[in-house]
Amino acid sequence: MLNDATAGTQTMEARETLARLARERGSSLASLSRMLGRNTTYLQQYISKGSPRKLEEDDRRKLARFFGVSEILLGAVEEKSYTDTGDWVDVPRLLVEASAGPGAAAAAETAFDAFRFSRKWLREQGLEAGKLSAVRVIGDSMEPLLREGDDLLVDTRAQPFRDGIYVLRLDGNLLVKRVTAQGAGRFSLLSQNLAYPPLSVEAQDFELLGRVVWKSGRV
């Protein structure tokens, strides 16, 4: 059984760990609190004021699965832990939409939900659990490949460029396009729907946010 001093140290470490994980993922404490079905100040008060003193078991489990870490890091005793070698990974669904059309204004990129993927499947695809997010498509410029309402799994790792379908930011808007290199620092942003002409842009004019590696959608 833990003594009071050890338990107090682990509680403080759990708060520090949660704050660090949120910073690294780019998730606000308010959005994580909403994901738990709590008041938006719940996790901020937990981290800064120690109130509540420890996370409730269900909240801790959801956060551990969201970040893909052991529950022990968030204050659980070992026999109740969710381990990083579990069978499933929760990938955050971001409160943004990538436009397959004229462009969607970028919103706050906060998580509101999660998709659960097999850890084995992610490994087979060469994907890293902590570097994935999901966004929804709006518009028709990528039809028939991507349709409005499809959810996209986006690999956000920094990697050498290769032609493919990306979520990108251009002029403050989020787009999903096929991106190909033209050479001399220029790129083509291509739509699947031939009603939309290609765009030619320079490297400094846009930002690649992640490569699309999977989609879901209604039949």
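Only this structure's heavy atoms are used, side chains among them; waters, hydrogens and symmetry mates stay out.
Contact of the Leu127 side chain with the Arg157 side chain is registered, since non-hydrogen atoms from C-beta on lie closer than 4.5 Å. Side-chain contact between Val89 and Leu122: present, with at least one pair of heavy atoms (C-beta onward) separated by less than 4.5 Å. Looking only at side-chain heavy atoms (C-beta outward), Thr156 and Leu132 stay at 4.5 Å or farther from each other. Using a 4.5 Å heavy-atom threshold, the side chains of Tyr46 and Tyr42 count as separate. Two residues are said to be in side-chain contact when any heavy atoms from C-beta on lie closer than 4.5 Å; Asp163 and Arg178 fail this criterion. The shortest distance between side-chain heavy atoms of Leu152 and Val137 falls below 4.5 Å. Within the 4.5 Å cutoff, the side chain of Ser200 has no heavy atoms near those of the Phe187 side chain. When side chains are defined from C-beta on, Phe206 counts as touching Leu208, because their heavy atoms get closer than 4.5 Å.
Minimum heavy-atom separation, Arg119 to Ala129: NH1-CB, 4.5 Å. In terms of heavy atoms, Leu29 sits closest to Ala22 at CD2-CB, 4.0 Å. The two residues Glu71 and Ala64 come nearest to each other via the heavy atoms CG-CB, 3.6 Å. Contact between Ser191 and Ser141 at its shortest, heavy atoms only, is CB-O, 3.1 Å. Considering every non-hydrogen atom in both Met35 and Leu63, the closest pair reads CE-CD2, 4.0 Å. Heavy-atom minimum distance, Gly75 versus Ala14: N-CB, 3.7 Å.
Relative orientation of the Phe117 and Phe115 rings is perpendicular, given thresholds of 30° and 60° on the angle between their planes. In this pair, Phe161 and Tyr166 present their aromatic rings parallel. The plane angle is below 30°, not in the 30 to 60° band.
Glu16 contributes atom CD, which lies 12.5 Å from atom CG of Leu73 (distance to the nearest 0.5 angstrom). A distance of 11.0 Å separates CZ in Phe67 from OG1 in Thr17, rounded to the nearest 0.5 Å. Note that CG of Leu21 and CG of Leu32 are 9.5 Å apart. Values are rounded to the nearest 0.5 Å. Between the CG atom of Leu189 and the OG1 atom of Thr180 there is a distance of 8.0 Å, given to the nearest 0.5 Å. Note: Ile165 CD1 to Leu146 CG = 5.5 Å, rounded to the nearest 0.5 Å. Interatomic distance, Glu143 CD to Glu148 CD, rounded to the nearest 0.5 Å: 8.0 Å.
Looking only at distances, a side-chain donor or acceptor of Asn39 sits under 3.5 Å from a matching main-chain atom of Thr41. With hydrogens and angles ignored, the 3.5 Å screen pairs no side-chain donor or acceptor of Lys177 with any backbone N or O of Pro198. Counting only distance, with no hydrogens or angles, the side chain of Asn193 and the backbone of Asp140 share a donor-acceptor pair below 3.5 Å. Side-chain atoms of Ser31 never come within 3.5 Å of backbone atoms of Ser27 as a donor-acceptor pair (strictly under, hydrogens ignored). Arg211 places a side-chain N or O within 3.5 Å of a backbone atom of Arg162 that can act as its donor or acceptor partner. Counting only distance, with no hydrogens or angles, the side chain of Ser118 and the backbone of Lys120 share a donor-acceptor pair below 3.5 Å.
Between Arg147 and Asp150 no salt bridge is recorded (no basic side-chain N to carboxylate O distance below 4.0 Å). Looking at Arg20 and Glu24, a side-chain N of the basic residue comes within less than 4.0 Å of a carboxylate O on the acidic one, giving a salt bridge. A salt bridge links Arg116 and Asp90; the closest N-O separation between the charged side-chain nitrogens and carboxylate oxygens is under 4.0 Å.
Leu190 and Leu170 are members of different hydrophobic clusters when ILVMFWY side chains are connected at heavy-atom separations under 4.5 Å.
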Practice problem: Starting from the C-alpha separation in whole Å, work towards a yes-or-no answer on side-chain contact (heavy atoms from CB on, under 4.5 Å) for Leu168 and Leu209. | Solution: CA-CA 5 Å; Leu168 59 100; Leu209 302 179; 5.5 Å; no

Exercise. Starting from the C-alpha separation in whole Å, work towards a yes-or-no answer on side-chain contact (heavy atoms from CB on, under 4.5 Å) for Val167 and Leu175.
Key: CA-CA 6 Å; Val167 174; Leu175 303 173; over 6 Å; no

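A donor-acceptor contact closer than 3.5 angstrom is absent between the side chains of Gln45 and Ser51.
With Glu56 as reference, Arg38 is the one residue of Arg61, Arg38, Lys62 to meet the side chain to side chain donor-acceptor pair (under 3.5 Å) rule.
Residue pairs meeting the side-chain hydrogen bond (donor to acceptor under 3.5 Å, both in side chains) criterion with at least one member in residues 128-138, sequence neighbours excluded: Arg136-Asp151.
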